[in-house]
Chemist: 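Would you mind keeping the following structure in view while I ask a few things?
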Protein chains: 2
Amino acid sequence: MAFRSEILIKLDKKGRVLLPAAFRDELPADDRGAFVLYHSPTIPGLVNGNSRAGFDAMLERLRAEALGPKGSLKVALDDEAFDPAGYLSAGARTVSLEPDGRFTMPAEFVQALEATDGVMLVGKVEKFQLWNPARWQARRDAEREKMAAFVRGLSGGDA
Amino acid sequence: MAFRSEILIKLDKKGRVLLPAAFRDELPADDRGAFVLYHSPTIPGLVNGNSRAGFDAMLERLRAEALGPKGSLKVALDDEAFDPAGYLSAGARTVSLEPDGRFTMPAEFVQALEATDGVMLVGKVEKFQLWNPARWQARRDAEREKMAAFVRGLSGGDA
DNA sequence: CGGGATACAATGGGATACCATGGGAAAGTC
DNA sequence: GACTTTCCCATGGTATCCCATTGTATCCCG
């Protein structure tokens, strides 16, 4: 259960996008009819995706981390207190998959991506990302250098 | 079963508001004819909403955690003792949904929101909120910064 | 092991159903 | 009887369903 690979998918004029078979297969077997899209909390113009179960699990961990064990009652009542799980939830949408594996991309996400005719789907282990193809290109180049530097920096055999 | 997304809905001249399909679907399947609206206990001008079951469950937790096991008996008898659940309940109203998914917004909530022609519905996981669109805008910007700070604060890779 | 035959993945498009909204008519209500 | 509330119908837009097409794996068979 891990999202891998990067795949360029068409965004047709009806706003539909195919969730590739490789990604569909990573959704829980008992819940393949829908998944969650949500805005990246740190990178504007990036959209994340996950299974409903995966997204909910993340929110749960988030609340435990941010609020401690007794936080659930407080967060349910105190609208003034900042709730990171609530923040993510507001920027998220459950989208249902058509039988053929496609979904209609909500307009807000199309806008965020500034996608015109294609979307780059990128597997990031326990979630996946939707990128504007051009922006992904740039991001990828930057990450390649960081990765090389990171590996060189690993304290290891030679040195 | 979690409220997500933010949706701007019209408030028509008859005082009607549509509960979007995405939110209706989160109401319990056996009780979709009505739900609960209640004033936020911490933010004036904010209205919260939940299913009847969800609201009741919150009151129950509130009494159990805030007052202890004997609390409910005490508040049933002692009118002098402060009962947070009773307070919330007084500021709450059950509103019924029309067959087409709309409801008439009680005047007290319209006033509280100072809503004129639109209401922003925001999913907050186990409940949702009704905001004055302009105020939500401001709130959202503030939350974005808090979220960024929160993510930075997570003990992680770089440091 | 070549050559189809078959299954499935990715895409396009027409027809239909549903969502969000406005407005009129009927039924209460004071 | 004026006003509010509920019911019903209308409409534009979007999403969903269904069917079709093409290309590519996979399979089977001799």
Side-chain angles (χ1 to χ4, degrees), chain A residues 3-27 29 31-37 47 49 52 92-113 115-123 128 130-131 133 136, chain B residues 3-27 29 32-37 49 93-111 113 115-123 128-131 133 136:
Chain A
F3 297 101
R4 311 184 203 287
S5 84
E6 44 186 271
I7 307 177
L8 178 63
I9 291 288
K10 284 271 196 302
L11 170 68
D12 71 19
K13 58 194 88 167
K14 285 166 119 180
R16 290 181 298 187
V17 173
L18 177 82
L19 188 67
F23 286 35
R24 291 202 299 272
D25 293 344
E26 296 305 325
L27 296 177
D31 186 26
R32 298 228 160 125
F35 64 102
V36 176
L37 288 178
V47 175
R52 284 199 275 211
R93 292 207 38 183
T94 304
V95 305
S96 58
L97 278 175
E98 296 167 38
D100 59 4
R102 284 185 289 191
F103 61 95
T104 27
M105 177 99 84
E108 56 193 289
F109 295 124
V110 178
Q111 256 185 285
L113 291 177
T116 54
D117 62 342
V119 178
M120 185 64 81
L121 287 272
V122 182
F128 58 91
L130 313 189
W131 286 88
W136 168 245
Chain B
F3 296 102
R4 315 185 205 280
S5 86
E6 44 185 271
I7 307 178
L8 179 63
I9 292 290
K10 286 273 195 302
L11 170 68
D12 70 20
K13 56 196 90 166
K14 286 166 128 177
R16 291 179 298 185
V17 173
L18 177 84
L19 188 67
F23 286 41
R24 292 201 300 272
D25 293 345
E26 297 304 328
L27 296 177
R32 297 226 162 129
F35 64 102
V36 175
L37 288 178
R93 290 198 47 180
T94 303
V95 305
S96 59
L97 279 174
E98 295 166 38
D100 59 4
R102 285 185 287 194
F103 61 95
T104 330
M105 178 99 83
E108 56 192 291
F109 296 125
V110 177
Q111 257 184 287
L113 290 176
T116 53
D117 62 342
V119 177
M120 185 65 82
L121 287 269
V122 182
F128 59 91
Q129 301 179 325
L130 313 189
W131 285 87
W136 167 245

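Throughout, protein chains are lettered first and strands after them, A, B, ... in sequence-line order, and every chain is numbered starting at 1.
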Chemist: Check the distance between D/dC7's P and B/Arg16's CZ and give it to me in whole angstrom.
Modeler: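 About 12 Å, once rounded to whole Å.
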Chemist: Considering every strand and a 4.0 Å limit on heavy-atom distances, what is the contact class for B/Pro99: base, sugar-phosphate, or nothing?
Modeler: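 The answer is nothing, as B/Pro99 stays clear of every strand by at least 4.0 Å.
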Chemist: Rounded to the nearest 0.5 Å, how far does CG of B/Leu130 lie from CZ of B/Phe109?
Modeler: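 Atom-to-atom, B/Phe109:CZ and B/Leu130:CG are 8.5 Å apart.
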Chemist: Send over the distance from A/Lys14 NZ to D/dT14 C1', rounded to a whole Å.
Modeler: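 Result: 10 Å.
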Chemist: Compute the ring centroids of B/Phe35 and B/Phe103, then answer whether they are less than 6.0 Å apart.
Modeler: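 Yes, ring centres under 6.0 Å apart.
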Chemist: Which nucleotide span of DNA chain C, 5' end to 3' end, has atoms closer than 4.0 Å to non-hydrogen atoms of chain A?
Modeler: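 Result: C/dA9 to C/dA15.
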Chemist: Given atom CE of B/Met105 and atom C1' of D/dT5, what is their separation to the nearest angstrom?
Modeler: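 Whole-Å distance recorded here is 16 Å.
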Chemist: Phosphate oxygens OP1/OP2 of D/dT4: is one of them under 4.0 Å from a side-chain N or O of B/Thr104?
Modeler: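 Looking at the OP1 and OP2 atoms of D/dT4, neither is under 4.0 Å from any side-chain N or O of B/Thr104.
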Chemist: Side chains of A/Thr94 and A/Arg52: is there a donor and an acceptor less than 3.5 Å apart?
Modeler: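 Side-chain D/A pair, A/Thr94 to A/Arg52: absent.
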Chemist: What integer distance in Å separates A/Asp100:CG from D/dA20:P?
Modeler: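 Answer to the nearest Å: 14 Å.
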Chemist: Are B/Asp100 and B/Arg102 ion-paired here, with the side-chain N under 4.0 Å from a carboxylate O?
Modeler: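 Answer for the salt bridge query: yes.
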Chemist: Rounded to the nearest angstrom, tell me the gap between atom CG in B/Leu97 and atom P in D/dT5.
Modeler: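 The distance from CG of B/Leu97 to P of D/dT5 comes to 16 Å, rounded to the nearest Å.
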Chemist: I need the NZ-P distance between B/Lys10 and D/dG13, as an integer number of Å.
Modeler: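 About 13 Å, once rounded to whole Å.
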Chemist: Could you state the atom-to-atom distance from CG of B/Asp12 to C1' of D/dT5 in whole Å?
Modeler: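 Those two atoms, CG and C1', are 12 Å apart.
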Chemist: For the CD atom of B/Glu6 and the CD atom of A/Glu108, what is their distance to the nearest 0.5 Å?
Modeler: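 CD of A/Glu108 is found 7.0 Å from CD of B/Glu6.
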Chemist: Measuring from atom CZ of A/Phe3 to atom CG of A/Asp25, what distance do you get when rounded to the nearest 0.5 angstrom?
Modeler: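 One gets 10.0 Å once the value is rounded to the nearest 0.5 Å.
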Chemist: Just the rounded figure in Å: distance from C1' of D/dT21 to CZ of A/Arg102.
Modeler: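 From A/Arg102 CZ to D/dT21 C1': 12 Å.
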